[in-house]
Structure formats: structure tokens, C-alpha cells
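Everything on this sheet refers to the single structure shown next.
When a residue number appears, it is its place in the shown sequence, counting from 1. These numbers come from a predicted model, not from an experiment.
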Amino acid sequence: MSKNPEIARLASGLAAYQDAIRSANEDLIKLSQRFGRMMPRLQKLDSSSILLWLGLYNKIKDAAKRTEDEASDLLNSDLATANPVLQLQVNYYQVQSQRLYAKMEIMDDVLNGMMEDLLENGEFEQTQKEEMRVALEGTMKKSLNRLDAASVSA
């Protein structure tokens, strides 16, 4: 790619972060499809199925956050912003990241409303409702942490 080993190293790192964000996007699409298939029978599902889904969603959020944290120095490096090829890679990464977080924001809204209704009207034991409420709050907290960090950096 480049005769400059530093640029080649940065390009390789950016490619890895692009792959990680692309994978997170794909995983979220699959999980959203699974969520859509669960919706018609949501009242009949057991709490373990819902908790498993929330756990998978949290893994996607964690992977995206980890990638974002690891990529931040590289994305803001002077060499990456000065080199046109690297800048294209940075822009691609940022677009993919924005797509992912937009999808997550929509999923959070849908999930929050659905779970609120399910916890109020579902036929679950109180301990199961509390488990699901705690899992939902943890999931929503991860979104709030990202929004707080984004508003601080802006």
C-alpha cells in the first residue's frame, strides 16, 4: 500500500476497526431480525429468552464501544488526517459507526417501550420482572454513557 511503514501500520489498524464496526452492524441487523420474529409471541416467551437477547445486544454495544475507544487515537492522529488515503478510511469508519449508533438508538427506543409494556402487563413472576428491568436499565445506561461522552466531546 505505502512505502511509509507508519502509514501502512495506520491503514492496517483502520481496516481492522472498519471490520469490527462492520461486524457489529451485521450482528445488530441479525439481532434485530431475531427481535422481529420474537415480537408476535413476546408475551408467551420466558424471561430467559428475553434476558439472552438483551445479553447479545449488550455484547454488540460493548464491542462497538471497545472499538470506538481503541480507534480514537488513531482516528485523531495528525498523520491520518493529513494523508488522503487514510482520511478516506477514517471517513468510511465514521460513517459505519454513525450507522451503527443510529440503529442502536432506534432499537433502544423500541426496546424501552416494548419492555415497559411487557413488565407492566406480562405474566412474569416479580423476580423475573426485576431481572429483566435490571438488564434493560443496564442496556439503556450503556447508550446514555455514549451520548454523554459524545456531548462532552462536541
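For D69, the side chain to side chain donor-acceptor pair (under 3.5 Å) partners two or more places apart in sequence, or in a different chain, are K65. Qualifying side chain to side chain donor-acceptor pair (under 3.5 Å) partners for E26, counting only residues two or more places apart in sequence or in other chains: none. Take N76 and apply the side chain to side chain donor-acceptor pair (under 3.5 Å) test, not counting sequence neighbours, and it matches no residue. The side-chain contact (heavy atoms from CB on, under 4.5 Å) test applied to K129 returns L119, F124, Q126, not counting sequence neighbours. Residues forming a side-chain contact (heavy atoms from CB on, under 4.5 Å) with D19 (at least two apart in sequence, or on another chain): R22. With sequence neighbours left out, the ring-ring contact (aromatic ring centres under 6.0 Å, His included) criterion links Y57 to W53. L74 is linked by a side-chain contact (heavy atoms from CB on, under 4.5 Å) to L10, L14, Y17, counting only residues two or more places apart in sequence or in another chain. Taking N112 as the reference, nothing meets the side chain to side chain donor-acceptor pair (under 3.5 Å) condition, with sequence neighbours excluded. For R41, the side-chain contact (heavy atoms from CB on, under 4.5 Å) criterion is met by L45, not counting sequence neighbours. Every residue two or more places apart in sequence or in another chain that forms a salt bridge (Lys or Arg N to Asp or Glu O under 4.0 Å) with E6 is listed here: R9.
Annotation: salt bridge (charged side-chain N to carboxylate O under 4.0 Å, His left out) contacts involving residues 42-62, sequence neighbours excluded, comprise K61-D108, D62-K142. Sorted by first and then second residue, the side-chain hydrogen bond (donor to acceptor under 3.5 Å, both in side chains) pairs with a member in residues 31-40 form an empty list; sequence neighbours excluded.
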Verdict with reasoning, Q18 to Q96, per side chain to side chain contact (heavy atoms under 4.5 Å, CB included):
CA-CA 8 Å; Q18 288 171 341; Q96 290 298 316; over 6 Å; no

Trace of the side chain to side chain contact (heavy atoms under 4.5 Å, CB included) decision for L75 with T81
CA-CA 8 Å; L75 294 172; T81 55; over 6 Å; no

Any chance you could lay out the side chain to side chain contact (heavy atoms under 4.5 Å, CB included) test for L111 and L54, step after step, and finish with the verdict?
CA-CA 9 Å; L111 187 60; L54 285 170; 3.5 Å; yes

Apply the test side chain to side chain donor-acceptor pair (under 3.5 Å) to residues Y93 and Q98: give CA-CA distance (whole Å), side-chain angles for both, the deciding distance (0.1 Å), then the verdict.
CA-CA 9 Å; Y93 168 85; Q98 288 169 352; over 6 Å; no

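Distance CE/M38 to CG/L52: 8.5 Å, rounded to 0.5 Å. With rounding to the nearest 0.5 Å, the separation of CD1 in I60 from CG in L31 is 4.5 Å. With rounding to the nearest 0.5 Å, the separation of OH in Y101 from CG in N25 is 10.0 Å. The distance from the CG atom of L56 to the CG atom of D27 is 9.0 Å, given to the nearest 0.5 Å. How far CG of L136 is from CE of M140: 4.5 Å, rounded to the nearest 0.5 Å. Once rounded to the nearest 0.5 Å, the distance linking CG of L28 with CZ of R99 reads 10.5 Å.
The nearest pair of heavy atoms linking T67 to A20 is OG1-CB, 3.5 Å. Considering every non-hydrogen atom in both S97 and I21, the closest pair reads N-CG2, 3.6 Å. In plain terms, the two heavy atoms of N121 and D117 that are nearest each other are ND2-OD1, 2.5 Å. Of all the heavy atoms in V90 and A80, the pair that sits closest is CG2-CB, 4.2 Å. In this structure, A64 and M104 approach most closely via the heavy-atom pair CB-CE, 4.0 Å. What you find for A135 and L51 is that their closest heavy atoms are CB-CD2, 3.6 Å.
In this structure the side chain of M115 reaches within 4.5 angstrom of the side chain of M132, judged on heavy atoms.
In this structure, V85 is not a member of the same hydrophobic cluster as V95, with clusters built from ILVMFWY side-chain heavy atoms closer than 4.5 Å.
Taking a 6.0 Å sphere around CD of E123, one finds it holds 12 or fewer heavy atoms contributed by other residues, nucleotides or ligands.
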